[in-house]
Amino acid sequence: MEDQSPKPIRCKAAVCRAAGEPLVVEEIVVDPPKAYEIRIKIVCTSLCHSDITFWRGKVATTFPRILGHEAYGVVESVGEHVEGFAAGDTVVPTFMGQCDRCPGCASEHNNLCTTVPFVFGPGMRRDGTTRFRDAQGNPLHDLVAVSSFSEYTVVDVTQVVKIDPAVPPKLACLLSCGGSTGVGAAWRVAKVEPGSSVVIFGLGSVGLAVVQGAKMCGASKIIGVDMNPDKEEVGKSFGVTHFVNPSQLGNSSVTEEIGKLTGGGADYSFECIGVSSVMTDAFTSTKPGKGKTIILGLEKDNEPISLPSLDLLSGKCVMGSYFGGLKPKTDVPILAQKCMNKELELDGLVTHEVGLKEINKAFDLLLQGKSLRCIIWMDK
């Protein structure tokens, strides 16, 4: 009988050969999925600030590699022992896994799968090897075991979420990382209460998703903090009720201004930039005795955070989270339905669209602060 097992696929990918260099669109080979793996034909992907951090070589400095981790696609083939997925299923890959069997997945307070744990370093999470080779047969490293800047990729079954084909590809793509991370931070991590006050530092795509999450939870005061004056109008279109530009406060500090707006400090604050000094500002801007600060930004220079100890003793707390505290397979479909029901309005996060061969334009737009999310289409 003819061998029906999946074969290697030749396709195009945007390869990062060295830190900070423009990506090169070239032909690569994507190996078949091994046991517990799924090969996905990527329909569209988008550029996240975390991709920029890896591209600059600030974290897990391994090259050459294929970046990208926020995407939407269709199952092309599955490896052995894969259940619940078949060729043709519409899916999103996520950098976080969910096996539904380990203590982390079973916990209400934890979304860290221990069966296939998250790691920054390259390599598939079960065997540490790559599924990518260049045209000369040399290995290409992955990014967080997703690598969506390729027409095809291979992802562990625990990191693949089936999505309703009625969800528009662009919207599904946002839920693969940034949109889910922001909404989840307000919904699952902070558990924002109705009538509460919220402050968001950084109104990029993740910050604006936090705004939507806080609005969905019933927050009555949503304060956006950003140095870019253009973000005031953008923020208010997403649900921001008050806007603070630190460069326009004169002798007043951000903490003082937020204290005035909230009567002593916000109930919840979110840091979505990745700067240690801003993390400190976010913490000091919360209410003594009950304030919660959620750190979402990956510190761009890997600097430590400094927090005043007296504020900590008052009862304030700081929390971090991967993927907004969401369990991907459980929560992403819920958020997709909320988007379809218009309870969440994330469509406005998409400001630009390009084809794969124009991917460096997406980098330029984000680095220049001209885009929120740029969708990269594989067939354009």
Side-chain angles (χ1 to χ4, degrees), residues 13-26 42 44-71 95 120 141 143-144 146-150 170 173-174 176-179 181-182 200-210 224-235 238 245-247 271-279 295-303 346 348-378 380:
V15 179
C16 182
R17 289 281 172 184
E21 289 188 0
L23 274 55
V24 180
V25 177
E26 57 187 78
I42 299 294
C44 62
T45 182
S46 56
L47 181 62
C48 172
H49 273 286
S50 296
D51 293 310
I52 298 290
T53 300
F54 285 102
W55 170 72
R56 284 174 165 157
K58 296 290 186 178
V59 180
T61 56
T62 304
F63 298 97
R65 74 192 314 174
I66 300 173
L67 303 173
H69 63 282
E70 186 174 281
F95 67 91
F120 275 119
H141 301 289
L143 176 70
V144 292
V146 174
S147 290
S148 58
F149 293 171
S150 171
K170 287 189 290 187
C173 183
L174 296 175
S176 177
C177 178
T181 296
I200 297 111
F201 287 78
L203 295 180
S205 52
V206 172
L208 291 170
V210 174
V225 180
D226 204 290
M227 298 282 282
N228 183 348
D230 295 338
K231 292 296 179 71
E232 180 171 8
E233 184 177 346
V234 174
F238 275 81
N245 185 334
S247 67
E271 200 280 345
C272 307
I273 300 173
V275 176
S276 61
S277 61
V278 179
M279 295 174 186
I295 304 296
L296 294 175
L298 177 64
E299 217 294 328
K300 64 183 181 67
D301 295 316
N302 204 27
E303 291 291 324
L346 299 178
L349 293 177
V350 177
T351 55
H352 296 80
E353 300 180 45
V354 299
L356 179 62
K357 61 186 177 183
E358 302 174 287
I359 192 168
N360 289 306
K361 179 180 178 182
F363 274 72
D364 292 340
L365 288 166
L366 190 59
L367 290 167
Q368 294 166 13
K370 294 179 179 178
S371 73
L372 292 172
R373 276 296 193 264
C374 180
I375 298 292
I376 301 153
W377 295 95
M378 291 297 164
K380 291 185 180 179

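Please read all numbers here as calculations on a predicted model, not as lab measurements.
E358 meets the salt bridge (charged side-chain N to carboxylate O under 4.0 Å, His left out) test with no other residue; sequence neighbours excluded. Taking K361 as the reference, nothing meets the side-chain hydrogen bond (donor to acceptor under 3.5 Å, both in side chains) condition, with sequence neighbours excluded.
Closest approach of F54 to F63, counting heavy atoms only: O-CZ, 3.6 Å. Minimum heavy-atom separation, E70 to G178: OE1-N, 2.6 Å. The nearest pair of heavy atoms linking A14 to L23 is CB-CD2, 3.8 Å.
With rounding to the nearest 0.5 Å, the separation of CD1 in I66 from NE2 in H141 is 10.5 Å. With values rounded to the nearest 0.5 angstrom, I295 atom CD1 is found 10.5 Å from I273 atom CD1. Note that the NE2 atom of H352 and the CG atom of L366 stand 10.5 Å from one another [nearest 0.5 Å]. The structure places OG of S147 at 11.0 Å from NE2 of H69, a figure rounded to the nearest 0.5 Å. Atom CZ of R373 is separated from atom SG of C177 by 6.0 Å, given to the nearest 0.5 angstrom. One finds the CG atom of D230 at 11.5 Å from the CG atom of L203 (value rounded to the nearest 0.5 Å).
The closest side-chain heavy-atom distance from R56 to I52 is below 4.5 Å. Inter-residue side-chain proximity for P246 and V225 is flagged as met; some heavy-atom pair is nearer than 4.5 Å.
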task = Apply side chain to side chain contact (heavy atoms under 4.5 Å, CB included) to the pair F238 and I200, showing each step before the final yes or no.
result = CA-CA 12 Å; F238 275 81; I200 297 111; over 6 Å; no
inquiry  = Please evaluate residues H49 and T53 with respect to the criterion side chain to side chain contact (heavy atoms under 4.5 Å, CB included), reporting the C-alpha separation (whole Å), side-chain torsions for both, the decisive distance (0.1 Å), and the verdict.
reply    = CA-CA 6 Å; H49 273 286; T53 300; 5.7 Å; no
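Residue pairs meeting the salt bridge (charged side-chain N to carboxylate O under 4.0 Å, His left out) criterion with at least one member in residues 13-23, sequence neighbours excluded: R17-E26, R17-D134.
The aromatic rings of F363 and F149 stand perpendicular to each other, their planes meeting at an angle above 60°, with 30° marking the opposite boundary.
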